[in-house]
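Written below as structure tokens is the structure these notes are about.
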Amino acid sequence: MTSKAILGTIQRMDNNSKLSTQPYKGVRDFYPKDMSVLQQIFNVMRKSVEKFGYLEYNASPIEPSSIYQAKSGDEIANEQTYNFLDKAGRNISLRPEMTPTIARMIAGRDQKISLPIRWYSIPNVFRYENPQRGRLREHYQLNVDIFGGEPEIANAEILMVVHEIMTGFGASTTDFAIKINDRTILADIYKKFEVPKEKIKDVSRLLDKKEKVSKTIFDEALESLVGSEISKPLAEILSSPEFIIETLGIDNPGIKNVIGLIEKLENYGVTNLIFEPTLVRGFDYYNSFVFEVFDTDSENRRSLFGGGRYDSLTGLFSNEEIPAVGFGMGDVVLQDFLKTHNILPESLTPADLSIISVDQNSYDDVYLVARKIREFGLNVDIDISNKKVGAQIKRSVSNSIPFALFIGEEEIRNKKYNLKDLRTQEEKQLNLEEIVEVVKNSK
Ligand code: HAM
């Protein structure tokens, strides 16, 4: 630090103005109640994917910028990624997604890890977006991916995992729908309608935005891209799966892929798949199967999360291209969904009981009693405020602690304590073993 910088810091410290308590724009603080809800969401995610044997991995949120520039798509890589220069002049980024990271890790893996690889992670990811409902600048995103394996089976398994997670949260199959498509179908349609090669990327980008704009705006944009001779029949074909099947035939590989998936999932008891021929998804790396999960509630008909097949991303890092499929599920949109359907987990408190000191100033004996109770496997909170009993009870109730244990000098002497169930107001005088039993039985 230069002397000028030090002086600046000291002067700023002298100035009595306070710093804002607000977090940075578009990111969240998690107070304990919010953190408890988030942890329970993570627990449902973990439990669901571990049922299928997925292993958890993680990595640093800082990555070399180059890994996003090749394949993530211009919008993510250039407009939405936090890019920095580090002190040595390296271009680095805060990860806007996890897929390039897992591809890097798999490409660099010890060859002894044999395929198929099933991995999951719940990283925080960062995107410089305009904060709005469902869109923030930092969110947590469950990533579930399979590398290797039979592609059609892996695609189907990924959708089974989606179903497992959603039902794990308590959603029923009518609460959400899974739109699926195969990008090769679109490629075949573009060929059939002679969409100029140099326009294909823009047409696909337009399709990706189709749900967000009116039909008139979509039709006009398509016409300005490819001319009315192509745009009119193209828009019509794309409006219905039946037209697509009629045009390309039932033996078209992409169509077979989609129909095969619908059949496989039906066989597994999952019946909420919809063939959506205009579904593209934003990333350049998806090469065939893509899907997106939607809320069916008419108030909240939005995309919840999605993913797809990306068979060549590891090719950025090594000569071996390992086919892969997976998805990313963000916690922000998911929480909106869970709230809409009244299935958001309630926050929990870890403490099973709170010790309320009645008349002593020394807490030594209280801590010893607490230690004994903890040895029996219960979590014990101690109020060390020395406030009146009423104020201590109020604090326990506001922290949702189910029991209060009153300890004063007399209780310590007699080894009998008053235990109060703060939910029913029932109070009993008990010894330590009995206290543990009552609290454990009430769980
Ligand atoms: P994505 O569609 O960009 O895919 O993001 C996945 C999900 O993350 C979204 O559907 C949404 O739930 C959530 N999400 C994305 N951006 C935001 C944001 N700004 N604020 C809140 N939530 C957000 C991917 O990222 C792919 N890498 C997923 C993947 C994994 N594909 C294969 N494996």
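Every number for a ligand or one of its atoms is a count from 1 in the order of the listing. Excluded from the calculations below are hydrogen atoms, water molecules and symmetry mates; all remaining heavy atoms, backbone and side chain alike, are included.
- Nearest to atom 7 (C) of ligand 1 among the protein's heavy atoms is G328 O, 3.4 Å.
- Taking every heavy atom of Y285 and a limit of under 4.0 angstrom, the matching atoms of ligand 1 come to 26 (C), 27 (N).
- D352 pairs in a salt bridge (Lys or Arg N to Asp or Glu O under 4.0 Å) with only one of the listed residues (K443, K440, R374), which is K443.
- Inter-residue side-chain proximity for D336 and L304 is flagged as unmet; no heavy-atom pair is nearer than 4.5 Å.
- Protein heavy atom closest to atom 8 (O) of ligand 1, with residue, atom name and distance, is Q141 NE2, 3.0 Å.
- Residue-ligand proximity, R127 to ligand 1, at heavy-atom distances under 4.0 Å covers atoms 1 (P), 3 (O), 5 (O), 15 (C), 16 (N), 24 (C), 25 (O).
- Heavy-atom proximity to atom 20 (N) of ligand 1, evaluated over T101, L136, T99, is greatest for L136.
- When only non-hydrogen protein atoms are considered, atom 24 (C) of ligand 1 lies nearest to F283 CE1, 3.3 Å.
- Near L304, with a cut-off below 4.0 Å to any heavy atom, the atoms of ligand 1 are 10 (O), 11 (C), 12 (O).
- Under the 4.0 angstrom criterion for non-hydrogen atoms, M98 is not in contact with ligand 1.
- Under a 4.0 angstrom heavy-atom cut-off, F291 registers as lying outside contact with ligand 1.
- The contact set between ligand 1 and G330, taken as ligand atoms under 4.0 Å from a residue heavy atom, comprises 7 (C), 8 (O), 12 (O), 13 (C).
- For the residue pair S121/E56, the side-chain donor-acceptor check at 3.5 Å is not satisfied.
- Residues E138 and N124 have side chains that bring a donor and an acceptor to within less than 3.5 angstrom of each other.
- A donor and an acceptor atom, one from each side chain of D145 and Y310, are located under 3.5 Å apart.
- Nearest residue to atom 4 (O) of ligand 1 from R309, R281, E97, R133 is R281 (criterion: closest heavy atom).
- In this structure, K179 forms a cation-pi arrangement with F294, its terminal cationic atom sitting closer than 6.0 Å to the ring centre and no more than 45° off the ring axis.
- Where the criterion is an N or O separation shorter than 3.5 Å, residue side chain and backbone included, E129 meets it with respect to ligand 1.
- Atoms of ligand 1 found under 4.0 Å from any heavy atom of Y286 (numbered from 1 in listed order, with element): 26 (C), 28 (C), 29 (C), 31 (N), 32 (C).
- Ranking the protein heavy atoms by distance from atom 14 (N) of ligand 1 puts H139 NE2, 3.2 Å first.
- For F169 and F337, the ring centers sit 6.0 Å or farther from each other.
- Defined by atom type and a distance below 3.5 Å, a donor-acceptor pair is missing between the side-chain atoms of S65 and N91.
- Remark: minimum distance from atom 21 (C) of ligand 1 to any protein heavy atom is reached at G134 O, 3.3 Å.
- Two residues are said to be in side-chain contact when any heavy atoms from C-beta on lie closer than 4.5 Å; P23 and R28 fail this criterion.
- Counting heavy atoms under 4.0 Å from ligand 1, residue D145 touches it through the side chain alone.
- A side-chain N or O of R137 and one of Y24 form a donor-acceptor pair less than 3.5 Å apart.
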